Structures are given as C-alpha cells and as structure tokens.
Amino acid sequence: MLNFYVRSNFMEKYNPQEIEKKWQQIWDAPDYYRTDIDNEKPKYYALEMFPYPSGNLHMGHVRNYSIGDVVARYRSMAGFNVLHPMGFDAFGMPAENAAIAHGVKPGDWTFANIKNMIRQQKAMGLAYDWEREVETCRADYYRWTQWLFELFYKRGLAYKKEAAVNWCDTCGTVLANEQVVDGKCWRCDHEVHKKNLAQWFFKITDYADELLADLEKLTGWPNRVKIMQENWIGRSEGAEFSLEVVDSEEKISVYTTRPDTIFGITFMALAVEHPLIEKIIAGKPNETEIREFIKATRNMSDMERTSSESEKRGIFTGAYCVNPVNGRKVPIWITNYVLYEYGTGAVMGVPTHDERDWMFATKYGLDKILVIDNPAAPLELSKMDNAYIDAGVMVNSGEFDGMQNETAKSKIVDWLEAKKIGTRKINYKLRDWLISRQRYWGAPIPVIYCEKCGEVLVPEEDLPVLLPDDVEFKQGALSPLSTSKKFNDVKCPKCGGKARRETDTMDTFICSSWYYLRYADPHNDKKPFDRDKVNYWNPVDQYIGGIEHAILHLLYSRFFTKVLRDAGMLDYDEPFTNLLTQGMVIKDGAKMSKSLGNVVSPEEIIAKYGADTARLFILFAAPVERDLDWSDQGVEGSFRFLNRVWRILGIFEKAIKSGAENYDAETLTAEEKDLRRTLHKTIKKVTEDLHDRFAFNTAISTLMELVNAAHSFQDKLINPNLAREFANNLLRMLAPFVPHISAELWSQFFAGDVHKQSWVKFDEAALVEDTIEIVVQINGKVREHATVANNLSRAELEKIAPNLPRVAELIAGKKIVKIIAVPNKLINIVVK
RNA sequence: GCGGACGUGGCGGAAUUGGCAGACGCGCUGGACUUAGAAUCCAGUUCCUUCGGGAGUAAGGGUUCAAAUCCCUUCGUCCGCACCA
C-alpha cells in the first residue's frame with residue numbers, strides 16, 4: 001500500500017522566490033524562446049503594445065504582459081509556431097526632460113530605464129524572444145524610420161506646408177490633431193493653442209476612404225474602437241458648389257451635406273481665416289471693426305472656438321453673393337463658428353434647417369426662408385422657435401417643390417452638376433498627420449534645405465541621420481538640434497552647395513507605426529524588413545493593449561500598413577487581425593497614480609508573493625476587457641491557491657510518482673471516476689476559455705474547482721494512475737498562467753519541460769455520466785430534482801415526471817396542461 | 001445633444017444557445033487542529049420566513065411553458081464624439 005501522506009522534504013513548502021529565480025535562469029538561455037519560421041506549423045503572432053521606457057513597470061504593464069503571455073504560451077502548447085516579441089518605444093520627451101532637469105544624456109537615461117524594465121519583465125516570467133527586441137531610439141532602428149519617411153516622401157505622402165498648427169507650450173512642440181484631447185495636450189494636459197508654422201505632414205487623408213471601409217474587415221476588433229475610428233475619420237457625403245460675389249470676379253465655394261436646403265440660403269458664413277476676406281473688406285467703411293473681430297476670434301483658444309456651447313458671433317462684410325439656384329442676393333458674414341480647416345472654410349447659412357444658422361440668424365436679425373415643410377404638422381415660420389432639421393416636403397424651392405427632401409438632395413446635385421455650378425463631394429474630418437516635432441529625442445527628419453535645390457532628401461546611403469550630442473536642451477520654437485554645430489554643418493547632396501538640415505524630429509508615433517514589422521526581421525541591415533518574413537509572421541494575430549490608442553497608434557499603424565502594401569513591401573491590408581483592449585488597473589475607485597498615492601508596485605508584489613501569484617491574481621480578478629480592482633486580500637487568495645496546488649500534489653506525491661501513464665479508467669472507484677470526470681470537464685472548459693474567449697478569470701475558477709475536488713482525496717488513498725493523470729493535466733493547464741510553479745512541479749514528476757508539452761486533450765468518454773440530475777419545475781418553479789439515465793428521451797421524461805412522489809403530491813387535483821421536457825436539463829409541468 | 005457599453009449578494013465577479021441565479025475568489029460566521037496565535041482543513045454565508053415556503057438580477061411593462069439573457073418605456077453609471085455645415 002502506498003504511504004500517501006509522507007511528503008518529500010522538497011514538497012513541504014511552496015517557495016516562489018527560490019523556484020522563480022531558478023526557472024528564470026533556465027529561460028534566459030539564448031535559445032530557449034528563439035523563434036524561427038517553421039512551415040510545418042500554423043504561425044501565431046501574439047503582441048502586446050510595447051512600452052515607453054519610463055524606468056519601471058506599473059500594474060497596467062503587468063496586466064498587459066500577463067494576458068499576452070497566457071496567449072503566447074497557450075498557443076505554443078496548442079501547436080502553433082508563436083512569435084512573441086518585446087521592445088521599447090524609446091524616443092520621447094521624458095528622456096529629454098530628464099536631460100534638462102538633471103543633466104543626464106537622454107540616451108543614457110533611456111538605456112538605463114530599458115535595462116531595468118527588462119529585468120522586471122524577466123522577473124515576471126514572460127516568454128519573449130529577446131533576440132528580436134527592438135529599441136526605436138537606436139540608430140539601427142531609426143535609420144529605417146528615416147528610410148520610411150523617405151519612402152512616404154517619394155510616394156507624395158510627406159509634404160511640408162505652413163499651417164495653423166497645435167502648439168503645446170509645456171511640451172515645446174507642435175502636436176497632431178489626434179494628440180489634442182478636448183483642446184489639451186494628450187501628454188501633459190496643458191491647453192494647446194494655434195501657431196502658424198511650416199511643418200511636415202503625412203498625407204493620411206489620401207487613405208481616409210480605405211481606412212474607413214476596411215474597418216469592416218476588422219471583425220476581431222472591439223466595436224467601440226471601430227466606432228471611434230469611424231467618428232474620427234468622419235466621412236460625409238454632400239455637394240460642393242460656388243456662389244458669385246456681387247460686383248466682383250470672385251466666387252465663394254461651399255460644401256454642404258444638405259443640398260436640399262439650398263433654396264433656403266439667406267446668408268453666407270466665412271471662417272475668419274478665409275482668404276477671400278482680404279479682398280472683399282478692403283475699403284469697406286467698417287474695415288477696422290472687421291479686423292478687430294477677426295483678431296479677437298483668432299486669439300480665442302481652440303477649446304472656446306470649437307465648443308458648441310460658445311455663442312455664435314459674426315460681422316457683416318458689406319459684400320453680397322448670389323445664390324445660383326434662385327438668384328437671391330445674400331449678405332456675406334464672417335463668423336466665429338465656421339472652421340477653416342474643414343470643407344471650404346465657408347458655409348451656406350440656412351437658418352430654417354440648421355440649428356447653428358438659426359441661432360446666428362436670430363441673433364443678427366437675418367432673413368429666414370422655409371424650404372422643407374413637415375407633412376405631419378405644417379410649419380409656420382412666425383411660430384417656429386428653432387430650426388426644422390427632420391425630413392419633409394420641399395417648398396419654396398422652384399421646380400423641386402413637393403418632392404421628398406431626401407429625393408431632392410440627389411436631384412438638386414444633379415441639377416448643380418448639369419449647370420456646372422457644383423459637384424458631388426465627399427468630405428472627411430480626418431486631417432493630415434502633422435509629424436514634425438521641435439524636440440531632440442526623436443528620429444531626425446532626413447531632409448536638407450539647399451539654397452539652390454530647395455528641399456532635398458538625405459541620400460539613402462547616408463542614412464541614418466544621427467542625433468548629434470553637442471546640443472543645448474532649451475525649450476523654444478526650434479528643436480535643440482538647431483543648436484548643434486556638427487549637425488548643421490552640411491552641404492547639399494545634389495549640388496554640393498550651401499545647405500542646412502531640417503532640425504525637427506519625427507513624432508514618436510511614426511516609430512511605433514511599424515515596430516511590429518521589424519520584429520519579423522529585427523537585424524536586417526539592408527532594409528526595414530524582408531518581405532517574405534513579414535508576410536510569414538504578420539499580420540499580428542492577437543494585439544493587446546490599452547484603449548487609449550483606439551485612434552492614435554492604431555490608426556497610424558493601419559495607415560502605414562496600407563502605404564507599405566501599396567509600395568509592394570507587404571501583401572495584406574490590415575496590421576492587427578484581432579485586438580484586445582484590456583481594462584485599467586484601479587485601486588480605491590481610481591486609476592493608480594502617484595498623485596493619488598494609490599500605486600501598488602509590481603516589484604514589491606513579486607518580491608513578496610512571486611510573479612506567479614501576481615499574474616494569477618491579475619488574470620483572475622476581472623475579465624480582461626473590464627477595469628480591475630486591485631485587492632491586497634485578493635492577492636492573498638491567489639497565493640493561497642498556488643499553495644493548495646503545491647500541497648495537494650505533495651499529498652499525492654508518491655501516488656503520482658508510482659502511477660502509470662496509460663491505464664484502464666474502468667478500474668477506478670465511483671469517487672475516482674467523479675474526479676476524473678471533473679478533470680476532463682475542466683480540460684474542455686479551460687481550452688474553450690483560452691482558445692475562443694480570453695476568459696482567463698473563468699478558466700482559473702474552473703481550475704480552482706478542480707483542485708478543490710481533488711481535496712476530497714487528501715486523507716484517502718487515490719488511485720496512482722489517476723493521481724498521475726490529474727497532476728499531468730493540471731500542470732499543463734496551469735502552465736500558461738503560472739509558468740514557474742508549473743515548470744517546477746512538472747519537473748518533480750514528469751520528464752521534459754512543461755512549456756514544451758502539447759496542450760491537454762479531453763477524453764470524451766470521461767465526460768459521460770451514467771445518470772444525470774435534472775430539474776423538475778411546476779409552472780416554471782423548481783419543485784424537485786430527479787436523477788435519471790443519461791440522454792433519457794423526451795417522451796420518457798414526460799412519463800416519469802408527474803409520477804415522482806413529491807410532484808404527484810403537488811399537482812394532485814390539478815389538470816396537466818402541458819409538459820415540456822428538455823433532455824438532460826429539465827422538465828416543466830404546466831398545471832391549472 | 002448624438003453614438004456606444006453597462007446596471008446581478010457586503011465586495012470582485014459567474015451563468016457561452018432563453019432552461020436550477022449567485023460558480024470561483026475575497027470578506028464574514030461557526031467548527032477541527034493548537035497552551036495560544038499564525039497557517040491549514042471542514043462547514044455555512046442573496047434577502048425575508050410562521051421553516052410550509054415566499055421574494056429576488058436598476059425600476060416598470062411585454063413576449064414565452066420558462067427571461068439576468070429577447071422586446072418596449074423610464075432611471076442611473078461609465079466611455080467616446082461634440083459648431084465638421
């Protein structure tokens with residue numbers, strides 16, 4: 001008989017610090033997680049958004065990487081050839097701020113931070129192929145970022161123009177539209193204002209239509225991310241047409257989505273930036289007043305100017321234009337509510353059918369003409385107190401009268417097109433991506449300005465344009481690169497004449513728009529990446545990161561992918577097939593932050609409980625997409641569970657070691673069969689949760705139930721074969737979640753490495769139960785439980801149920817109306 | 001204002017296809033072990049109850065033999081967009 005309760009010394013106590021260190025050393029061997037192309041297996045690319053190297057991991061990182069690691073380890077065991085890399089988004093302002101504040105070189109600061117973060121990532125037991133690590137601030141990476149800039153330039157997708165751009169004083173640089181949130185800088189939260197500067201742009205608007213249309217292909221993306229991108233791109237269909245200015249050669253072009261209301265135009269509204277203004281106000285009696293209005297409006301913050309709350313104001317220019325559809329002469333106003341950047345910067349004013357125009361016209365006493373009537377309740381202009389924006393029937397619209405306004409929309413545009421006054425037009429809210437930054441710690445824009453040749457690209461063979469180190473870090477309108485003598489000492493690559501370098505660097509979002517491609521071929525020194533390698537590994541099968549990049553990084557990366565596809569560098573349309581947006585880690589009802597003092601340090605948790613406990617807690621406490629409430633007691637609970645695993649396998653130690661791999665399950669006792677059934681049900685459930693659902697919390701709870709079930713054998717003999725089967729499968733299932741303890745316990749009982757084992761498979765036969773407990777309801781209320789044979793037919797269930805003693809008693813004297821039987825589930829008896 | 005997600009015990013959450021609401025964990029209660037504590041193990045833990053039951057998934061209504069799940073209305077929370085003509 002087996003002496004089941006004596007444990008070896010080793011199994012006495014779970015000591016995470018000791019075993020985690022041991023396994024991390026083993027995994028740190030250069031080849032352990034090396035990945036290569038393997039055409040025998042299906043590939044799987046699991047990727048977490050790479051971090052900015054701030055110096056320390058926070059719980060958000062821990063959550064992100066824990067999720068990714070489960071995915072990668074599971075897929076690898078399930079037979080996929082898995083690529084799971086890590087890197088650092090290493091350019092950016094904090095490094096430069098550290099240089100300003102403490103005099104450290106941005107590079108030194110960054111590399112020290114990276115080193116520490118890698119140490120912390122390794123302490124989490126993450127399965128990365130570190131051979132493929134990329135750091136965007138290294139010349140061997142940004143050389144290709146610059147090369148890609150040149151590719152965009154050559155394809156007509158990079159251009160420099162002067163424009164009113166977003167400027168953040170605290171960051172000392174311009175920002176892209178995507179990087180301004182509610183009029184504030186996305187990074188430092190300070191108010192952004194407009195500045196006229198010549199800046200580099202990427203022509204993302206060329207791809208607006210495809211970026212919108214292809215959202216449909218992204219069936220593996222959360223809906224809300226797609227909706228956010230859809231809103232951001234902001235496609236609208238309408239017409240563009242022009243109105244002649246009275247007593248002038250000039251025309252005003254306008255865009256409208258409501259061509260059906262053209263007959264209702266009573267004024268024209270121009271943005272204060274509109275170029276026509278200068279021409280029409282010259283010499284007008286109130287010219288000074290107009291200029292003052294323009295100046296005041298321009299001085300308003302973006303927030304004020306674009307808020308729908310702000311009062312609509314304007315000033316009459318004294319000029320008129322003519323509505324081409326009815327010849328009506330309408331006054332031209334300059335207003336604070338028309339945006340210059342959208343459409344044509346001029347808007348037709350139709351007070352009766354646009355709320356903003358209504359408010360404006362009411363304030364300044366402008367005319368109103370009703371052109372769409374409500375068929376259900378005819379409108380009377382004198383009784384209206386706001387615009388009528390719903391559908392209706394055309395009135396006061398000449399030949400279009402009586403038509404449904406929706407029909408008229410298209411007819412009127414046909415008419416405009418026929419008369420060559422206007423055309424159909426699609427507009428987008430999306431603007432081109434402003435990519436220059438007046439900062440040092442970024443990839444220099446590889447352009448040289450020659451007095452003779454103008455704008456010239458740095459020749460490919462001269463890349464990278466290295467960051468100089470003789471710079472002064474002062475904030476101003478110019479990049480610190482302008483203070484470097486070495487950097488600016490340059491001749492024109494074309495004519496050899498006098499020239500100067502572009503001193504702005506690129507938005508770091510450019511660096512992060514292609515890093516997932518570089519992982520496929522990280523050491524290539526001939527090109528950014530090899531096409532075949534990228535076509536093998538990419539697109540990313542599962543991308544995991546925070547929702548904060550719903551637009552920014554995810555939109556930019558989609559844009560890059562499409563451009564590189566058009567350049568023949570890769571063969572697919574979308575970079576990330578499936579996207580998982582993890583929730584935040586919250587403590588005491590708020591996001592962890594230094595200012596709130598509710599930060600829990602991952603390093604401390606790992607030191608106290610081990611990485612396995614930290615990972616387990618964070619995966620168990622909430623579904624991945626939802627915010628996660630940090631709970632110190634919850635962490636204790638996860639630690640307890642791992643101790644229970646250790647303990648029960650310790651109790652089973654001798655049995656496990658003496659058990660056989662193959663045995664006849666029929667030899668088991670009824671109680672053992674129950675445990676075996678639980679085991680195989682767990683295999684089924686955990687596999688489904690991992691493979692299809694990312695339901696790590698329920699997968700773990702199922703594993704807890706399995707371990708709880710095994711506890712009924714803690715002071716009873718267990719069949720050694722079953723004990724061995726139990727341990728083998730349990731450890732393989734735990735491996736993706738808690739890699740160290742799984743590896744250690746596996747090595748105690750089984751040969752090889754648990755992480756190189758195949759994924760568990762359930763035995764269909766083990767799931768079968770001879771008898772099943774079904775629910776008996778009377779009028780929908782549970783009244784009895786009956787144990788019946790498995791798969792008992794509907795007819796037999798209907799026969800059995802009313803005769804069960806308790807049921808018979810309850811339905812005595814009543815009439816059975818109907819019996820609904822669902823095999824293996826329930827019987828509902830409807831009585832009267 | 002528009003668009004979206006959501007609302008389940010003291011708490012985190014489960015219920016995947018409409019079929020026993022509250023799995024699992026935390027907390028709490030009781031017990032075992034212990035001189036005692038810690039740890040561990042076992043049991044209990046939605047609410048009400050006259051112990052027969054009854055009520056219950058934000059509120060109200062509907063569909064159905066059967067609703068947390070589907071439909072309608074209302075309320076609330078969170079997120080996104082917000083003068084884009």
Side-chain angles (χ1 to χ4, degrees), chain A residues 13 181-182 222-232 234-236 238 254-258 261 269 271 305-312 335-350 353-357 359-360 427-431 547 550-551 586 616-617 620-623 625-638 640-641 643-644 647 685 688-689 692-693 695 697-708 711-712 714-715 773-785 817-822 824-831:
Chain A
K13 193 171 184 293
V181 181
D182 290 336
N223 242 331
R224 62 174 182 147
V225 174
K226 289 189 276 187
I227 289 167
M228 281 161 78
Q229 292 211 355
E230 192 181 323
N231 289 340
W232 187 258
R235 182 182 195 271
S236 70
V254 296
Y255 171 74
T256 180
T257 55
R258 294 294 306 272
T261 66
R305 269 193 75 175
T306 57
S307 163
S308 52
E309 311 288 296
S310 348
E311 199 191 357
K312 276 144 202 51
T335 71
N336 66 349
Y337 72 92
V338 173
L339 300 175
Y340 181 58
E341 299 84 28
Y342 183 78
T344 61
V347 167
M348 63 185 208
V350 184
H353 305 292
D354 182 282
E355 274 177 66
R356 295 152 301 183
D357 296 345
M359 282 190 266
F360 188 79
N427 251 324
Y428 299 92
K429 289 199 230 173
L430 181 72
R431 312 280 154 78
I547 187 80
I551 295 183
I586 301 269
L616 187 69
F617 168 72
F620 174 64
E625 301 246 7
R626 231 182 285 180
D627 286 351
L628 180 151
D629 243 324
W630 185 266
S631 152
D632 292 329
Q633 284 165 329
V635 177
E636 294 271 358
S638 294
R640 261 202 293 275
F641 171 69
N643 275 289
R644 274 164 75 80
R647 187 173 160 273
K685 166 83 172 145
E688 286 165 0
D689 281 356
D692 320 316
R693 303 209 306 154
N697 56 330
T698 53
I700 292 166
S701 76
T702 311
L703 288 165
M704 286 173 169
E705 286 180 79
L706 174 63
V707 171
N708 289 346
H711 269 74
S712 59
Q714 64 183 313
D715 39 31
E773 189 176 84
I774 61 161
V775 169
V776 184
Q777 297 180 333
I778 297 171
N779 288 342
K781 297 209 163 164
V782 180
R783 285 293 180 253
E784 179 64 308
H785 294 256
V817 179
K818 198 187 213 183
I819 300 179
I820 293 105
V822 183
N824 286 356
K825 280 227 171 96
L826 98 173
I827 304 162
N828 188 11
I829 304 170
V830 185
V831 295

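Labels below follow one simple rule: chain letters A, B, ... track the order of the sequence lines, proteins then strands, and each chain is numbered from 1. All of these numbers come straight from a predicted model, not from anything done at the bench.
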(message) Walk me through whether A:V830 and A:N779 qualify under side-chain contact (heavy atoms from CB on, under 4.5 Å).
(response) CA-CA 5 Å; A:V830 185; A:N779 288 342; 3.7 Å; yes
(request) Measure the spacing between NZ of A:K429 and CD of A:E341 and express it to the nearest 0.5 Å. (result) 13.5 Å
(message) If I compare all heavy atoms of A:I827 with all of A:I774, which pair ends up nearest, and what's the gap?
(response) CD1-CD1, 3.3 Å
Pairwise [atom1] distance, [M] and [N] [rounded to whole Å]:
N: B:U46; M: B:A15; atom1: C1'; answer: 15 Å
N: B:A85; M: B:U64; atom1: P; answer: 45 Å
N: B:C33; M: B:A43; atom1: C1'; answer: 15 Å
N: B:C2; M: B:C11; atom1: P; answer: 33 Å
N: B:U63; M: B:A68; atom1: P; answer: 16 Å
N: B:G9; M: B:G44; atom1: C1'; answer: 15 Å
N: B:A21; M: B:C81; atom1: C1'; answer: 37 Å
N: B:C78; M: B:G54; atom1: C1'; answer: 36 Å

(request) Name the orientation of the base relative to the sugar in B:G44: syn if the glycosidic angle is within 90° of 0, else anti. (result)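 B:G44: anti glycosidic orientation.
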(message) Taking syn as a glycosidic torsion within 90° of 0 and anything else as anti, which one is B:G62?
(response) anti
(message) On the nucleotide B:U40, are OP1 or OP2 found under 4.0 Å from the side-chain N or O atoms that A:Q714 carries?
(response)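 So the side chain of A:Q714 is outside the cut-off, no N or O lying under 4.0 Å from OP1 or OP2 of B:U40.
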(message) Quick check on B:A85: is either OP1 or OP2 less than 4.0 Å from any side-chain nitrogen or oxygen of A:Y337?
(response)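 Looking at the OP1 and OP2 atoms of B:A85, neither is under 4.0 Å from any side-chain N or O of A:Y337.
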(request) Select one nucleotide: of B:G13, B:A85, B:C79, the one nearest the side-chain heavy atoms of A:R626. (result)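 Of the candidates, B:G13 comes closest.
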(request) Using a cut-off of 6.0 Å, state whether more than 12 heavy atoms not belonging to A:R431 lie near its atom CZ. (result)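 Yes, because the 6.0 Å sphere around CZ of A:R431 holds more than 12 heavy atoms from other groups.
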(request) Spell out protein contact along nucleotides 15-34 of chain B as letters: B when the base is contacted, S when just the sugar-phosphate is, - when no protein heavy atom is under 4.0 Å; keep the 5' to 3' order. (result) SB--BB--BBSSS-------
(request) Heavy atoms under 4.0 Å is the rule here; annotate nucleotides 51-57 of chain B 5' to 3' with B where the base is hit, S where only the sugar-phosphate is, and - elsewhere. (result) --SSS--
(request) For A:E688, check salt bridge (charged side-chain N to carboxylate O under 4.0 Å, His left out) against everything at least two apart and list the hits. (result)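 A:E688 satisfies salt bridge (charged side-chain N to carboxylate O under 4.0 Å, His left out) with A:K684 only.
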(message) Among residues at least two apart in sequence or on other chains, which ones pass salt bridge (charged side-chain N to carboxylate O under 4.0 Å, His left out) with A:D354?
(response)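 For A:D354 the salt bridge (charged side-chain N to carboxylate O under 4.0 Å, His left out) partners, ignoring immediate neighbours, are A:R356.
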(message) Rounding to an integer number of Å, can you tell me how far A:I778 CD1 sits from B:A66 C1'?
(response) 14 Å
(request) Report yes if some heavy atom in the side chain of A:R258 is under 4.5 Å from a heavy atom in the side chain of A:V350; otherwise report no. (result) no
(request) For A:V181 and for A:D357, find the nucleotide of RNA chain B with the closest heavy atom, then tell me which residue's nucleotide is more 5'. (result) A:V181
(message) Can you work out whether A:W232 or A:R224 has the more 5'-proximal nearest nucleotide on RNA chain B?
(response) A:R224
(request) Can you tell me which stems involve RNA chain B, if a stem is defined as three or more consecutive Watson-Crick or G-U wobble pairs, both distances under 3.5 Å? (result)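 In RNA chain B, stems of three or more pairs: B:1-7 with B:75-81, B:10-12 with B:24-26, B:27-32 with B:40-45, B:46-48 with B:53-55, B:58-62 with B:70-74.
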(request) Could you pull out all residues at least two apart from A:W630 that satisfy ring pair (Phe, Tyr, Trp, His ring centres under 6.0 Å)? (result)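 For A:W630, the residues satisfying ring pair (Phe, Tyr, Trp, His ring centres under 6.0 Å) (neighbours in sequence not counted) are A:F617.
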(message) Using only atom types and a distance under 3.5 Å, with no angle test, would you say the side chain of A:N828 pairs donor to acceptor with the backbone of A:I820?
(response) no
(message) Main chain of A:F620, side chain of A:N697: is a donor-acceptor contact present, judged purely on distance under 3.5 Å?
(response) no
(request) Using a heavy-atom cut-off of under 4.0 Å over every strand shown, decide if A:D627 touches base, sugar-phosphate, or nothing. (result)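 Since only primed, P, OP1 and OP2 atoms lie under 4.0 Å of A:D627, the category is sugar-phosphate.
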(message) Mind checking if A:V338 touches a base, just sugar-phosphate, or nothing, with heavy atoms under 4.0 Å?
(response) base
(request) Could you tell me whether the side chains of A:S236 and A:Y428 share a donor-acceptor contact shorter than 3.5 Å? (result)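 No, A:Y428 and A:S236 have no side-chain donor paired with an acceptor closer than 3.5 Å.
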